[in-house]
Amino acid sequence: MFPIEKFKDIETPFYFYDKKVLCDTLQAINGELSQHEGYHLHYAMKANANIDVLRVIRDAGLGVDAVSGGEIQRALDAGFEASKIVYAGVGKADWEINLGLDAGIFCFNVESLEELSIINELAAAKQKVARICFRINPNVGAHTHAHITTGLAENKFGIAMEDMEQAIKTAVGMSNVEFIGLHFHIGSQILEMGDFEALCARIIELQDRLAAQGIEVKNLNVGGGLGIDYDNPDKNPIPDFKKYFDTYAAGLPLRQGQQLHFELGRAVVGQMGSLITRVLYVKQGHVKQFAIVDAGMSDLIRPALYGAHHAIQNLTSAEAEEKYDVVGPICESSDVFGKDEMLPRCHRGDMIALRSAGAYGEIMACQYNCRKLPKAYLM
């Protein structure tokens, strides 16, 4: 529940993070992980890198999935153990690789033979051995937005299945890398367990191919992708982690001594956050009625970028509902949070909450139109 009285005089827009929802979510995750031997979760930091949020996640015992040197450094600054950090990304710069090597991270998720060669070269210069997993593109589709699918052959991510064996043999022949497993990720905001079942089937197929050649896979990393309920955040504040982990337990039996790694992000932090904004004007058009708020696409870009929808609530009005297009002040026609939204009658100064904004909200904010970045409060 948003504490309106505590924030009524705070400058908007800002992000409000509900610590109880975050802690309840982490407790649910750990409860399910404890039911499965050999399961490990690395929080996908690209969803939200707020330092206060990270410290709560660290205290819950999770690791980190980083996709940049900056995220590796932020994880270290937040107190995460380097041995729990995995580093993915299709374009790792030399300084980022060196940072991971110096820190002693758990592994690099390698996306090309070119990258493998550079990691081996940089590790040799430091007289170190880099642990690596190969990210394999499984050509498995996901029922989600086209911009957040990552496991199809047409996507830029990963090594093609037909090149897998040669990549492993190349790594085994190098002195400064150690092949420790395979990595996969098929997309984000996935709600149909059938997508994960298809990934499991593909992984079994690839493992059987490798086993026939005497190649052991010690670690499997299946990425993340579990979605959240954007339409009913109060009804479903915690994703169905039981169904998610049970899907993998049933579809991907682990082999002797094998470890299974997950990289959930949105499912961990999505529902804890709301973007709080105020109504600047109620504009009566000839066709539409607009609630013009002081938050814009610079603060929450998902609706403009993906056509995404967040539940919208008027926190300070209890009057009869009216229909509004909720729009921001940015000089772009795409700066729209919702069309034909039924809200209690809006007035200048009303506080509006854009819900389920804990993931890919604050972290993607920018200063377009020379606007200030939104602050964030965790409580």
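Each residue takes its place number in the sequence, starting with 1. In what follows, every heavy atom counts, from backbone to side chain, and hydrogens, waters and symmetry copies are set aside.
- Under 3.5 Å, the side chains of H310 and R302 contain a donor-acceptor pair of N or O atoms.
- Distance check: E32 CD to F245 CZ gives 7.5 Å after rounding to the nearest 0.5 Å.
- Using modelled atom types and a 3.5 Å distance limit, the side chains of E216 and Q256 yield no donor-acceptor pair.
- Taking the six-membered ring where the residue is Trp, H36 and Y39 present parallel rings, their angle staying beneath 30° rather than reaching 60°.
- Think of V129 as one node in a network of Ile, Leu, Val, Met, Phe, Trp and Tyr side chains linked at under 4.5 Å; it has no links at all.
- The list of side chain to side chain donor-acceptor pair (under 3.5 Å) pairs with a residue in residues 169-178, not counting sequence neighbours, reads Q166-T170.
- Scored by the ring-ring contact (aromatic ring centres under 6.0 Å, His included) test, H42 finds H261 as partners (sequence neighbours excluded).
- Remark: R348 qualifies as a cation-pi partner of Y281 under the 6.0 Å distance and 45° angle criteria applied to the six-membered ring.
- For F14 and F7, the ring centers sit closer than 6.0 Å to each other.
- Salt-bridge check for K19 with D52: failed, with every basic side-chain N at 4.0 Å or more from each acidic carboxylate O.
- Under the 3.5 Å distance criterion, with hydrogens and angles disregarded, a donor-acceptor pair is assigned to the side chains of H40 and Q259.
- The backbone N or O of N221 sits nowhere less than 3.5 Å from a side-chain atom of H183 that would complete a donor-acceptor pair.
- A side-chain N or O of E332 and one of Y368 form a donor-acceptor pair less than 3.5 Å apart.
- In summary, the side chains of Y15 and D299 do not present any donor paired with an acceptor at a separation below 3.5 Å, with no hydrogens or angles considered.
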